[in-house]
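This report concerns only the one structure given below.
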Amino acid sequence: MEKRETKTVFATICGRPNVGKSTLLNALLGKKVSIVSPKAQTTRARVTGVLTKDGCQYVFLDTPGYHRAKSGLGRAMVQSVSEGIENADIALFVVEAGDMVLQAEKNILKMLSQNKMRAFLIVNKIDAASDEQVLKTISLFSEKYVFEDVIPLSARKKVGVDILLCELEKRAEPSFFYYDGGFVSDTPKANYICEILREKMLYNLGLEIPHTVALTAESFDETENLIRAHITVYCARDSHKGIIIGKNGSMLKKISSEARRELESYFGKKVYIDCFVKVKNDWQNNSGILAQIGL
Ligand SMILES: Nc1nc2c(ncn2[C@@H]2O[C@H](COP(=O)(O)OP(=O)(O)OP(=O)(O)O)[C@@H](O)[C@H]2O)c(=O)[nH]1
Ligand SMILES: [Mg+2]
């Protein structure tokens, strides 16, 4: 049988916070590798997701939402956006239908033009917008950059996602595969557990607290039927610690059991999570903790 040539394309997903970058990555892969929430700055460190299909390997990089950085954490997040863009073949610049070109968008466009990046404009959330809004957004952004393609889609409803894959495949270059065929994400299992726990915190706790926590795995053991992880939750203040733990431990129990349910179905085995909450002032500027969370 004739051996078919393989090809690959590296695409970095970038945009302001909350436009649906991580939802798009998960939709492209058909698997949840990056956490999603209605709160801004959900993604903190880059997540690589790989899809291998019909002789083509797509390597996607989900990046944190571009924002004005105020701490070591924020600066590391923004830095990881620019590194992600520099290392890609194509940038997928995600905006929301109805968006205008504001400061965050201008800064990303600047990064694109500085690197002379080939880029697609992805107009997400078309399920929640009118055709006029979609067209207006396309026309506003198309004035600012020469995009190779413009793709309106709904990451949540998985509408238009296959068109994006098809357009990316056309840009893939002949190459060996960088990852094994079944490889989906480079996030270590222990970090994935921390991320799913953080996602449940984003849903269960108010606006401020989830942004001031960092989770690290102190231990991780896996057997054929069981995963056991010991997680430290760093938070900024004593008062936050009380809220995270909740009355008689009720909040931490709720967060852990929501995470456990999802993780058991993801890993296909029992998961035990042991969480310990610690106050650590100013962890956002602690390079050791930032390194542990992938920044
Ligand atoms: N209506 C609608 N909502 C969407 C769509 N895609 C994503 N969302 C929602 O938008 C919110 C943000 O989604 P995320 O994927 O976390 O956004 P993000 O761009 O990765 O955010 P950061 O990581 O904070 O930069 C979530 O509530 C998603 O469910 C879509 O196609 N339509
Ligand atoms: Mg995200």
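For clarity, every value in this text was computed on a predicted model and none was experimentally measured. Counting starts at 1 for both ligands and their atoms, in listed order.
For ligand 1, the 4.0 Å heavy-atom shell contains residues P17, N18, V19, G20, K21, S22, T23, V36, S37, P38, K39, A40, Q41, T42, T43, G65, N124, K125, D127, A128, S154, A155, R156.
Here the protein contributes S22 OG, T43 OG1 as N, O or S atoms under 2.8 Å from the Mg ion (ligand 2).
Atom OH of Y203 has more than 12 neighbouring heavy atoms from other residues, nucleotides or ligands inside a 6.0 Å radius.
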Inset, instruction - Would you check, one step at a time, whether the test ring pair (Phe, Tyr, Trp, His ring centres under 6.0 Å) holds for F183 with F177? - result: CA-CA 11 Å; F183 188 94; F177 283 165; over 10 Å; no
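The distance from the SG atom of C14 to the CG atom of L109 is 9.0 Å, given to the nearest 0.5 Å.
Scanning for salt bridge (charged side-chain N to carboxylate O under 4.0 Å, His left out) contacts around K270 gives E264, with sequence neighbours left out. Not counting sequence neighbours, E132 has no partner by the salt bridge (charged side-chain N to carboxylate O under 4.0 Å, His left out) test.
A 4.5 Å side-chain heavy-atom check between Q57 and K7 finds every atom pair outside the cut-off.
Using a 30° and 60° split on the angle between ring planes, Y178 and F176 fall in the tilted class, from 30° to 60°. Taking the six-membered ring where the residue is Trp, Y145 and F147 present tilted rings, their angle falling between 30° and 60°.
Salt bridge status for E258 with K200: absent, with no side-chain N to carboxylate O gap under 4.0 Å.
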